Amino acid sequence: MSKPRIVIVGGGFAGATTARELRRLGGYEVAIELISHRNYMLFQPLLPEVAGGAVNVLDTVTPLRQMVSGGSLHTGEVRSIDFAARRVELAQGGAGSVVRVPYDHLVLAPGLGVDLSAFPGLAEHAFPLKSALDAHALRNHVISCLEQASQIADQGERERLLTFVVVGGGLSGVEVMGEVHDLIRRSLRYYPDLSRGEVRAELIETGPRILAELHEDLAERAASRLRSRGIAIRTNTPVREASARSIIVGDGRVIPTATIVATIGNAPTPLVQGLDLPKEKGRILVDPDLRVRGHASVWALGDAAFVPSGERGGLAPPTAQAAVSEAKLLARNLLAVIDGKPTRPFRYRSKGTLASVGGRRGVATVGGMKLDGVLAWLLWRLVHLKALPRASVRWRVGLEQLLDLFLPRNAVVTALPSPSSARFVRHRPGDLAFDGRDIAEGAFLIAEGRYVVEAPGQEPRFLHPGDHFGASETLDKMPSAVTVRAVEPSRALQLSPDTLRGIIAALEVGGSLGGVEREAEARRPGISQDRT
């Protein structure tokens with residue numbers, strides 16, 4: 001008789017912990033197969049410390065093969081699930097081949113995705129904080145802003161580079177704001193041309209207060225500490241839109257900035273959205289024992305599941321602490337079903353909530369007690385260390401955190417800033433889109449709107465969709481003092497110069513992309529060189 005095959009979709013806290021518990025409780029009586037789009041589990045609570053430079057990026061991840069020792073790991077993206085045939089279809093990473101994985105029991109733990117479509121420009125211009133690479137890229141960007149600001153004479157541009165905005169006043173938003181602010185303040189000693197007074201940090205929250213997860217009294221203490229460190233907090237302030245050079249908030253106020261971090265926009269993944277399963281508020285609806293309603297062999301947990309907590313009709317929160325509790329119960333229930341035994345309902349009781357606010361201070365509720373200050377911050381670090389999945393990771397992170405108490409933060413940029421191969425950027429009327437002296441900006445292919453090219457001694461000329469501009473003498477033949485500004489709300493595809501050259505060569509239009517400006521002007525009646 002073959003072993004029951006349990007297939008787990010998702011390698012986060014919920015999925016990886018389920019696999020580990022099944023192996024621990026069931027030994028080798030079941031076959032465990034884990035499907036994840038990456039081969040490691042990310043410890044997301046440490047991402048703010050990665051962004052702040054306190055923890056190495058590689059120490060936030062644990063290889064999944066170590067966590068599912070004795071089981072199988074498939075890396076790739078799930079394309080579809082056939083519940084009738086009990087089969088998962090995925091496209092394997094790297095090879096790109098399609099693999100069909102049969103199951104006897106299926107556990108769905110894909111987590112949440114990000115959807116910022118309700119905020120024009122935010123997806124293009126904000127740093128998310130969902131992966132280790134996101135946090136590391138943010139750290140590099142912050143140091144790059146300090147480098148650029150220290151060498152720029154233009155006061156307006158200097159202020160923009162030294163303005164740092166975090167959207168979202170929940171646990172993640174507060175913690176990343178505190179850690180990034182720590183990184184900046186501890187790095188300024190190496191930038192004698194910059195002063196603390198020039199740095200501007202803003203935390204923007206749509207709701208009436210920050211840290212809605214905590215008691216109001218503790219949230220206010222946290223807010224007071226943040227303000228005392230020079231961080232402005234804007235509550236009841238929705239975001240309207242973002243561009244390459246600013247963010248616009250609910251009252252129409254424009255905040256020029258080069259750094260926007262978005263900790264909002266959690267949404268079901270495309271996989272969950274496409275599954276023919278009962279859902280509540282976009283999340284998979286499960287019974288108290290964590291089985292998907294109406295499906296005897298399908299289970300769900302974690303952020304993607306709508307999990308009743310058993311306390312006065314409440315729901316389990318979308319936190320790592322809850323996901324681990326769910327995983328431990330689900331593993332027991334799954335093995336109970338295989339053995340013909342009854343399952344148990346999920347009961348969740350929070351052990352407490354903690355948050356760091358930077359400056360080696362924190363706030364916490366533990367066992368009904370409210371703590372703030374250094375003690376809460378130390379407890380926050382100890383709890384995170386204990387929650388790390390392997391002893392080797394705990395040792396590395398603990399040592400790094402200990403050294404961070406005595407050593408300066410490493411203010412180096414480990415990746416040179418360069419334009420991505422292709423990404424859209426938005427510009428508001430008057431925004432500087434390109435400065436010919438800055439060759440790092442890349443090349444731009446206009447998708448919407450209108451731009452004006454200005455250079456000393458030359459008449460202004462206008463660019464329209466299909467035209468291009470940017471850091472390529474070969475393509476644009478522009479003098480180094482040229483500037484390109486948006487005349488109206490505009491959008492352009494930012495490319496590396498080599499990528500744009502490749503597009504031109506592939507389309508065999510050579511001069512048409514490089515010289516359509518004059519033809520475009522002729523085709524558009526009413527547009528003249530003196531029109532603004």
Side-chain angles (χ1 to χ4, degrees), residues 116-117 119-126 156-157 160 240-248 254 256 258 418-532:
L116 298 173
S117 58
F119 313 94
L122 204 60
E124 295 96 325
H125 299 293
E157 183 64 7
R160 187 182 76 88
R240 286 177 54 183
E241 62 177 293
S243 73
R245 301 183 63 81
S246 61
I247 185 168
I248 300 91
V254 179
S418 62
S420 64
S421 58
R423 75 180 185 109
F424 281 105
V425 294
R426 292 175 181 264
H427 295 103
R428 299 176 62 253
D431 275 358
L432 178 67
F434 177 77
D435 183 338
R437 292 165 295 188
D438 187 358
I439 63 172
E441 290 291 337
F444 298 82
L445 186 61
I446 301 172
E448 301 172 14
R450 190 160 61 109
Y451 295 81
V452 61
V453 181
E454 297 174 314
Q458 296 184 14
E459 288 292 319
R461 59 190 177 95
F462 293 91
L463 306 179
H464 305 87
D467 299 344
H468 71 80
F469 59 89
S472 174
E473 287 284 324
T474 303
L475 291 172
D476 296 308
K477 297 182 172 60
M478 292 178 172
S480 62
V482 72
T483 59
V484 181
R485 293 183 183 274
V487 178
E488 58 191 53
S490 303
R491 193 166 68 121
L493 184 64
Q494 185 178 12
L495 307 152
S496 70
D498 286 343
T499 301
L500 183 53
R501 289 191 193 96
I503 291 174
I504 293 173
L507 295 175
E508 297 182 346
V509 294
S512 65
L513 276 179
V516 294
E517 296 93 338
R518 290 184 296 277
E519 295 176 20
E521 294 289 349
R523 290 196 303 270
R524 292 177 175 83
I527 296 178
S528 62
Q529 292 292 341
D530 61 353
R531 182 175 175 181
T532 59

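Keep in mind that this is a model prediction, so the values were computed, not measured.
E157 CD to L432 CG: the interatomic distance, rounded to the nearest 0.5 Å, is 7.0 Å. E124 CD to L122 CG: the interatomic distance, rounded to the nearest 0.5 Å, is 8.5 Å. Atoms CG and CZ, on L445 and F424 in that order, are 8.5 Å from each other to the nearest 0.5 Å.
No donor-acceptor distance shorter than 3.5 angstrom exists from the side chain of R485 to the backbone of V452, with no hydrogens or angles considered.
Looking at heavy atoms from C-beta onward, V482 lies in side-chain contact with F434 at the 4.5 angstrom threshold. Residues R423 and H125 form a side-chain contact, since some pair of their non-hydrogen atoms from C-beta on lies under 4.5 Å apart.
Test L495, V425, V484 against F444 for side chain to side chain contact (heavy atoms under 4.5 Å, CB included) and you get one pass: V425.
When all heavy atoms of R426 and P120 are compared, the pair lying nearest together is NE-C, 4.1 Å. Between R160 and A244, the shortest heavy-atom distance links the atoms NH1-O, 3.6 Å. Taking both residues in full, the closest heavy atoms of P256 and S246 are given as CA-CB, 3.9 Å, listed atom of the first, atom of the second, then distance. The minimum heavy-atom distance between G449 and S490, with the atom names listed, is CA-OG, 3.4 Å. Contact detail for D467 and L463: the closest heavy-atom pair is OD2-CA, 3.3 Å.
Ring-plane geometry between H427 and Y451 is classed as perpendicular, the angle between the planes exceeding 60 degrees on a 0 to 90 degree scale with a lower cut at 30.
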